[in-house]
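Please read the structure below before turning to the comments.
Throughout, a chain's letter reflects where its sequence line sits, starting with A, and its residues are numbered from 1. What you see is a predicted model, and the numbers here were worked out from it, not measured in a lab.
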There are 2 protein chains.
Amino acid sequence: MDVKYKVICEEIAKNIREGLYQDTKKLPTEEELIEQFEVSRNTIRKAIDLLTRKGLVIPIQGSGVFLRSVSMDGAINLEDFHGLTQGFGENHVTTKVNSFKLIEADEKLAQVMQCEKGTPVYFIERLRSVAGVPYVVEYSYYNRELIPYLSEEIVKGSIYQYIREELKKSIGFVDRVITAGILNEHDARELGLTPGEPSLISTNRAFLKSGVIFDYSIDIHNYKETKFLKLSNYL
Amino acid sequence: MDVKYKVICEEIAKNIREGLYQDTKKLPTEEELIEQFEVSRNTIRKAIDLLTRKGLVIPIQGSGVFLRSVSMDGAINLEDFHGLTQGFGENHVTTKVNSFKLIEADEKLAQVMQCEKGTPVYFIERLRSVAGVPYVVEYSYYNRELIPYLSEEIVKGSIYQYIREELKKSIGFVDRVITAGILNEHDARELGLTPGEPSLISTNRAFLKSGVIFDYSIDIHNYKETKFLKLSNYL
DNA sequence: TATAATTTGTCCGTATGTATA
DNA sequence: TTATACATACGGACAAATTAT
């Protein structure tokens, strides 16, 4: 994006990661950021708003914009659904593709994905590990009419990154339902756990900016490893 | 709040609940809302932004602001941490107070709550049921220096509502960590489940607008009943 | 298929209010 | 009390995506 406030948001986020601001534990004032980036106050405020929504900072009226020092290590920030690679660094995440095939949506799947029955859909089962530890078994479905091409090579990496960067499609929003369940034999074996143990489950529908569903997925998480983080503001 | 954009947000949210807009499945255009509420475009856009963050609508450039028709029945919207009563309607939620006492924060609790060791803290254990079904066992700690008075009467209802409406304190933001765990004997008995079964756990720290922690709580949810909802937009 | 109209998105500037230091 | 710093609100101009013509 060459949108100013997003660029500025990224810039400041990078500064935070690199420990600038660590002395004061807060950002420069809006006035200072206006000078620094040579933009209007509104644009700075939109950038700060983005940082706030991502959970990186928290503005306090009359006082300043403070760093929200919450350890995100080994946690999935529910505001960032860019997949695992974003949160853990690409090199720590390994992916084993257990299944990759093209199927036709049956009635039930078609309803969930808001498409016609019979629509061609990629089905993918993956086991993803972080630093060698099994982390999540993912069952995902991609509408081929929206994501026309996937390969085992792509599926081994970050599918979302491929969609954004190669296909140049804009992901718009995601519905996520989080529950706990009981591991079945297959998932337990994949995760190195025992059937009957708990699992942390995330069921997701991802929409393009135009409002159509391109991905439906069920993520069975290793409950010993997974933490979801929700850093929210009072609305 | 008599802040314009929040009032307008509430008004529109009410309209949505009451099924106005159900024919078109979208809101009136910004232009129409400007006329209707007699405010500036910015103010309307801030109201829509709020509705978007709450997961009620989704704006699509060039097309309109569409209703996000996700069933929130029996689900906890992670954007609304007003406690249970908000999501389920006051009359369906019943509360059993298992413990209510004033203690002093030990070192560990003091660190989590960012207060001095020895700070007086209310400790409360509650079982909350929805429509008669055990829903969650809550263990919560309230800093008495910030919440100077609590009673068993108050604790039987919505504590957050009391803080907002009676104490007139503004809740600023909340950190929430969601995990899955294994039920111990006590929690299982309370929830009408069996020890060893899964639980869906939410560990929370709530801050006032000034940035201080007033509440730390651990919620052990009935995994058969609880769904967390996260309706997010791509940031 | 191409153009125009509609509708939301970005960006600028200014003024005033409110909470904190 | 005063100054600082974020919050609310108004106004205008142009861009970008979608929809209608």
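D/dA9 atom P lies 12 Å from atom CD of A/Q61, rounded to whole Å. In this structure, CD1 of A/I34 is placed 11 Å from P of C/dT14, rounded to the nearest angstrom. Between the CG atom of B/N233 and the P atom of C/dT8 there is a distance of 16 Å, rounded to whole Å. Atom CZ of B/F173 is separated from atom P of D/dA7 by 12 Å (rounded to the nearest Å). Between the P atom of C/dG17 and the CD atom of A/E30 lies a distance of 18 Å, rounded to the nearest Å. One can place CG of A/L27 at 9 Å from P of D/dC6, the figure rounded to the nearest angstrom. Residue A/F66 contributes atom CZ, which lies 11 Å from atom P of C/dT20 at whole-angstrom precision. In this structure, B/E38 atom CD and D/dA9 atom P are separated by 15 Å, rounded to whole Å.
In this structure, of C/dC12, D/dC10, D/dA7, it is C/dC12 that holds the atom nearest to the side chain of A/N42. Picking from C/dT10, D/dC10, C/dA21 the nucleotide with the shortest atom distance to the side chain of B/V39 gives D/dC10. Listed nucleotides: C/dT8, C/dC11, D/dC10. Nearest to the side chain of B/K4: D/dC10. Side-chain proximity of B/S63 to D/dA9, D/dT19, D/dA7: nearest is D/dT19.
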Apply the test ring-ring contact (aromatic ring centres under 6.0 Å, His included) to residues A/Y122 and A/F214: give CA-CA distance (whole Å), side-chain angles for both, the deciding distance (0.1 Å), then the verdict.
CA-CA 10 Å; A/Y122 289 108; A/F214 71 93; over 10 Å; no

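Judged purely by distance below 3.5 Å, without hydrogens or angles, the side chains of A/N204 and A/S202 pair a donor atom with an acceptor atom.
Remark on DNA chain D: of its neighbouring residues B/I44 and A/S210, the 5'-side contact belongs to B/I44, judged by nearest-heavy-atom nucleotide.
The pairing partner recorded for D/dT1 is none, the criterion being a Watson-Crick or G-U wobble arrangement whose two distances lie under 3.5 angstrom.
Ion pairing between B/R68 and A/D175 holds under the 4.0 Å rule for side-chain N and carboxylate O.
Close to D/dC10, at under 4.0 Å from its OP1 or OP2, lies a side-chain N or O of B/T43. Regarding contacts with the backbone of C/dT10, a side-chain N or O of A/Y5 is found under 4.0 angstrom from either OP1 or OP2. Within the structure, every side-chain polar atom (N or O) of B/S40 is placed at least 4.0 Å from both OP1 and OP2 of D/dG11. Applying the 4.0 Å criterion to OP1 and OP2 of C/dT20, one finds that B/K209 has every side-chain N and O outside that range.
The aromatic rings of A/Y142 and A/Y160 lie perpendicular to each other, with more than 60° between the two planes, well past the 30° mark.
For a distance-only test at 3.5 Å, the side chain of A/R41 qualifies as a donor-acceptor partner of the base of D/dA7.
Aromatic ring centres of B/F207 and A/Y234 lie farther apart than the 6.0 Å criterion allows.
Within the nucleic acid shown, A/I60 comes within 4.0 Å of sugar-phosphate atoms alone, with no base atom in reach, counting heavy atoms only.
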